[in-house]
Amino acid sequence: MSTEKSAIIVGAGLVGSLWAVYLSKAGYKVTIYERRSDIRKAEISAGKSINLALSVRGWTALDAVGVGDKIRDLAIPMYGRMMHSTEGELSFQPYGQEDQAIYSISRGGVNARMMDIAEHEGNATIHYNHQCTGVDLEDGKIRLLNKETNETVYDQADVVFACDGAFSAVRYKGMQKLDRFDFSQDFIDDGYREILLPANEDGSYKLDKNALHIWPRGRFMLIALANEDGSFTCTLFMPFDGGENSFKSLNTKEKVDSFFKETFPDFYEMMPGIADAWEDHPLSSLAIMRSYPWHHGKVAMMGDAAHATVPFYGQGMNGGFEDCTVMWRLMQKHNEDWDKVFAEYSVERKPDGDALQDLSLYNYYVMRDYVADPMFLLRKKIEAKFSKLYPEKWLPLYSQVTFSNIRYSEAMASGKAQDKIMDEIMEIPNIEEVWDSQEIMDQLAEKL
Ligand SMILES: Cc1cc2nc3c(=O)[nH]c(=O)nc-3n(C[C@H](O)[C@H](O)[C@H](O)COP(=O)(O)OP(=O)(O)OC[C@H]3O[C@@H](n4cnc5c(N)ncnc54)[C@H](O)[C@@H]3O)c2cc1C
């Protein structure tokens, strides 16, 4: 009988392919089942593979297993937000200190590179076109549909990891059938549609590539992140339904054309053919999915399968990568006694998954309702000034989430405490005039 340690990973997305590298390094024979075909062989133009913002938690997880440097050459640093007003005025808000950046990476590019590493440097085999259709949680056995042959096949391993995303089949077919398994799914009012802004004819960028561009318009917004080939992937977030500024109302080319012309004039100038490109990408929905526990028997859920969230803090993938960091630490701690590893993983990580989701929702409201509010912006300016004067006393919430590995739950608790203090500071009469004074800084320091 083979004594080789074995693991199955369902889903070769971002989290599954990174976790495969970890397990391979720990000597596991890893078998990955992915329902799609191999993205490395598919004809995907750069613009089609949407991009994401990678930040410190993600880099920590990548670097711990030696993958970070292989991803760095695919990453474009973004040092702040570039806000585009309706008049076309630009204002730049740095994300943190001068050298701090979040990184635009191509989902497909990073995914493909990690699959290469898992297969060639580790002991991993990826089976494409294999869709998980059932799971026996106690025995670590899964049922799969081979989509090429239409055959049903089974596999079994010492441990199984469900990295099959927000609509996880393992969760649905296994966990959600369990007694006392908690699950909730909440779609927000907004959906999103991607738009590819092509490069100039000479291949150069139409916008500054080192910023995340935002066109905030109250109840809806457009954002743009640079791709390596000179293009930008832009995303319009907006309510599905309700009034003229909704996806439902943008139902003809003429309406799309005049909407962009009036609402995002500088964008329209760069892409006058927007109406023709409008349907290149589907309209998609956004949801928060909470579940607990994140394991049962020989199976654990990681990434979106456990804690899918809305994308407004840019942390879904980063949080999923951090699941790998936590699982890896617990593997060492419990000497790969998986019952203990899984039990502690569920208990320790769940509050951070909840906080990641709460923070993402909070930022949805901030971006939707507050970014253009002068008092909100003043509040952020006061915080930034204080943090620069006393960096050891005040790390803004955004920096805790994006530029540190502080647990999401701790970051959220300290953000709430900071909010309480700032509420009091904002009550000071004439705060608009006196905010820049040393007196205000002293008052803030006293409250800590
Ligand atoms: C518009 C948008 C923007 C985002 N921006 C950011 C960002 O800037 N930063 C960030 O950190 N996060 C961002 N996210 C979140 C991020 O995309 C997810 O958190 C991340 O993709 C989760 O990775 P995952 O591996 O858990 O799931 P996925 O990436 O969804 O991968 C799941 C994999 O499982 C496969 N699969 C599914 N079902 C089965 C099955 N039954 N059998 C076999 N295989 C299966 C799928 O084909 C897929 O390959 C964004 C999300 C959206 C929607």
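Numbering of ligands and ligand atoms starts at 1, following listing order.
- Here the protein heavy atom with the shortest distance to atom 41 (N) of ligand 1 is Cys132 O, 3.2 Å.
- Scanning the protein heavy atoms around atom 32 (C) of ligand 1, the nearest turns out to be Cys163 O, 3.5 Å.
- The ligand atoms of ligand 1 that sit less than 4.0 angstrom from a heavy atom of Ala53 are 7 (C), 8 (O), 9 (N), 10 (C), 11 (O).
- Using a non-hydrogen distance threshold of 4.0 Å, Thr235 does not register as a contact of ligand 1.
- Near Gln131, the atoms of ligand 1 lying under 4.0 angstrom from a non-hydrogen atom of the residue are 41 (N), 42 (N).
- Of the candidates Arg35, Glu194, His130, Arg35 brings a heavy atom nearest to atom 44 (N) of ligand 1.
- Classification of Arg290 and Asp182 as a salt-bridged pair fails, no side-chain N sitting under 4.0 Å from a carboxylate O.
- Counting atoms of ligand 1 from 1 in the listed order, those under 4.0 Å from a heavy atom of Gly316 are 10 (C), 11 (O), 12 (N), 15 (C), 19 (O).
- Using a 4.0 Å cut-off between charged nitrogen and carboxylate oxygen, Asp190 and Arg219 count as a salt-bridge pair.
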#### Entry: Chi angles and distances behind the side chain to side chain contact (heavy atoms under 4.5 Å, CB included) call for Leu197, Leu207
CA-CA 10 Å; Leu197 173 65; Leu207 294 162; 4.0 Å; yes
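- Looking only at protein heavy atoms, the nearest one to atom 28 (P) of ligand 1 is Gly165 CA, 4.3 Å.
- Counting protein heavy atoms only, atom 12 (N) of ligand 1 is closest to Met317 N, 3.0 Å.
- Listed by number with element, the atoms of ligand 1 under 4.0 angstrom from any heavy atom of Gly303 are 26 (O).
- Heavy-atom proximity to atom 1 (C) of ligand 1, evaluated over Tyr172, Tyr192, Phe321, is greatest for Tyr192.
- The pair Asp419-Arg379 meets the salt-bridge criterion, with a side-chain N (NZ, NE, NH1 or NH2) lying under 4.0 Å from an Asp/Glu carboxylate O.
- Closest to atom 24 (P) of ligand 1, if we only count protein heavy atoms, is Val15 CG2, 3.8 Å.
- A salt bridge does not link Arg113 to Asp116: none of the charged side-chain nitrogens sits closer than 4.0 Å to a carboxylate oxygen.
- Geometrically, Lys206 does not engage Phe232 in a cation-pi contact, judged by NZ or CZ lying under 6.0 Å from the ring centre and within 45° of the ring axis.
- In terms of protein heavy atoms, atom 4 (C) of ligand 1 is closest to Pro311 CB, 3.5 Å.
- From the protein, the heavy atom lying nearest to atom 35 (C) of ligand 1 is Glu34 OE1, 3.3 Å.
- Interface atoms of ligand 1 facing Ala169, defined by a heavy-atom separation under 4.0 Å, are 41 (N).
- The contact set between ligand 1 and Tyr33, taken as ligand atoms under 4.0 Å from a residue heavy atom, comprises 43 (C), 44 (N).
- A salt bridge is absent between Glu4 and Lys29; no separation between the charged side-chain nitrogens and carboxylate oxygens falls under 4.0 Å.
- With respect to Lys380 and Asp373, no salt bridge is recorded, no charged nitrogen being found less than 4.0 Å from a carboxylate O.
- With hydrogens left out, the protein atom closest to atom 13 (C) of ligand 1 is Leu52 CD2, 3.3 Å, a heavy atom.
- Checked for salt-bridge contact, Lys298 and Asp139 miss the test: no charged N lies under 4.0 Å from a carboxylate O.
- Remark: His281 NE2 to Thr233 OG1 distance equals 7.0 Å, nearest 0.5 Å.
- Few gaps surround NZ on Lys255; more than 12 heavy atoms of other groups in view lie less than 6.0 Å from it.
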